[in-house]
Amino acid sequence: MIEIRDVSKAFGDNVVLEKVSLSIDEGEIFGLIGVSGAGKSTLLRCINRLEPIDGGSILVDGVDVASLHKEGLRDLRRNIGMVFQQFSLMDRKSVYDNVYFPLRCRGDRKADADGKIREILDLVGLTDKIDSRPNELSGGQKQRVAIARALVSKPRFLLCDEATSALDPNITETVLDLLKEINRELGLTIIVVTHEIAVMKSVCTKMGLLSAGRLKAVGSVEHFFLKNPGLLGEFMSDAGGRLSPVPGYMTIRVIQPDQAAGTLLPELAISTGIAFGIVSGGIDRYRDTIAGAFNLRVKAEDIPRLTAELKARGAEWMEI
Amino acid sequence: MYQYDFSDLLVRVIIPGLADTFIMLFVSAVTCGALGFVVALVLVTTDPRGLRPNPLVNRTVSGLVSLLWALPYIVLAISLLPITRMVVGTSIGVWAGIFAITFAAFPLIARLLENSFKEVNPSLIEAARSLGATDTQITFRVIVAESVPSVVSQSTLGWISLLHYTTTAGLIGAGGLGAVALTYGYQNFNDRVMYGTVLILVVIVALIQLGGNALYRWIK
């Protein structure tokens, strides 16, 4: 578990983080989101103390990160793998030697490390590239090597700093699938820093929104995308999906719970006989569930009947 | 003007001169390389963006390096003479030359190595820190290891500069091809010796350049 308490950080006069408090539970894939310059990468670097903090405290499994000295700090870092946007692989070393690096630094001999290296390269699907140099690999493969390197010392946490931002969308998907697999099979707690909507939707269990160094909101992915799309206004142009009001009509937002068939709206119209307009919305996949939210334009006098029906069907709604 | 027999000159002057030049070149490469390497590591490590920033050490060492670098070689070598005499026992000959060359040329080698070390992508260093590497491990296994191609490509410049120093050292008593060109060529009005040494130096420079390029391609 990672507890971030009132963390502040400034580079000179430039305040990057201001009293950020956050706790990340075991086994979560936590998305730290925000536009560039919001402080999310800095916060990530504070967790394994690549950056020292100016105020507050960070506890990793109850240990105050700031209290650690040399050996303790290195142990902490070995327990927290990290993956970077630009892969940060050593170009002059083979895939195998890149993955061996953290074990070598720990003092493991190659003969002892060999099994672990091969096992982890098998997990990321790069067994056939073991002797390649990084510049012979594609971006997605390089990031897999970096993930293998971060995981080879069997950490319990993994920090991903815009790990997929330099990749093509379809490659991004495969790397995200790998992260989900790692989370599920190794039980790793993963913290993902990203500004990509697709990443948030497809892997995160929880998200925290940073804006100008402050934590603006924390919650489940559904909380952000379905119930409070306005929060993500910085990322999505059509977050609110609001049109200019029409006299006599109201707009309500209906949250469709996990319902693979997606037939809530037509059922609603048929059973109530109310005609409503769909202003915006859609159904999407959030991690492993399918859910949707729609903004509906309804005649004011029909609202009570429609909402009664929504209640009966267990769907949430709100006026917007 | 006395005309020497050329084959006599070749065997008794030019070839020994060439041998002296090579001794000075290789030994000063080792001394300058070692000293330059240590100084470059100190500069990179204490740099404001280095692993252990230390402005005082950084500025002092950097200032000394720049000072030695700024002095013309002849002036530096002559002003070092008392120390050379104390350390080497004499102020002339190959070893006195090497002593002076070391002081004159290690700043260049240090700067060349420092530049190569600084070219290493900072994100590699950050990644190594995140993986639990110590500062010493980062210095040698990341910074030094990853800058090898750059060091090799810069080193041709270093070798050629050292060759310049060895020939200049010949003018103040160190022997070698510089002394041959000066004494037997220039002061004796012997064009064959004069331009013969020029030719030999051109060949050495070309070999250094070709060797450096080949090594760079092989190592990269």
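So you know, we letter chains A, B, ... as the sequences are listed, proteins then strands, and number each from 1.
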Region of Gln137(B) that comes under 4.5 Å of a non-hydrogen atom in chain A:
side chain
Check each atom of Leu76(A) against the heavy atoms of chain B and say whether the ones under 4.5 Å are side chain, backbone, both or neither.
neither
Could Arg74(A) and Asp135(B) be called an ion pair, given the rule that one side-chain N must be under 4.0 Å from one carboxylate O?
no
Partner chain A: residue of Ala133(B), Ala127(B), Ser130(B) with the largest heavy-atom pair count (under 4.5 Å):
Ser130(B)
Looking at chain B, which one of Pro102(A), Ser153(A), Pro155(A) has the largest number of heavy-atom pairs inside 4.5 Å, strictly under?
Pro102(A)
Measure Asn48(A) against the heavy atoms of chain B and call it side chain, backbone, both or neither at under 4.5 Å.
side chain
Measure up the Phe103(B) and Phe106(B) rings against each other and bin them: parallel (under 30°), tilted (30 to 60°), perpendicular (over 60°).
perpendicular
Give the ring-plane orientation class for Tyr73(B) versus Tyr165(B), where under 30° counts as parallel, over 60° as perpendicular and anything between as tilted.
perpendicular
By a 4.5 Å heavy-atom criterion (distance strictly below it), what part of Arg45(A) contacts chain B: side chain, backbone, both, or neither?
side chain
For Tyr96(A) and Asp114(A), which I'm curious about, is there any donor-acceptor pair between the side chains at under 3.5 Å?
yes
For Ile219(B), is it the side chain, the backbone, both, or neither that has a heavy atom closer than 4.5 Å to a heavy atom of chain A?
both
Applying a strict 4.5 Å limit to non-hydrogen atoms, the region of Leu73(A) in contact with chain B is neither
Leu182(B) and its side-chain contact (heavy atoms from CB on, under 4.5 Å) partner, picked from Ile172(B), Thr197(B), Leu177(B), Leu171(B)
Leu171(B)
Please confirm whether the backbone N or O of Thr46(B) pairs with a side-chain atom of Asn54(B), one donor and one acceptor, at under 3.5 Å?
no
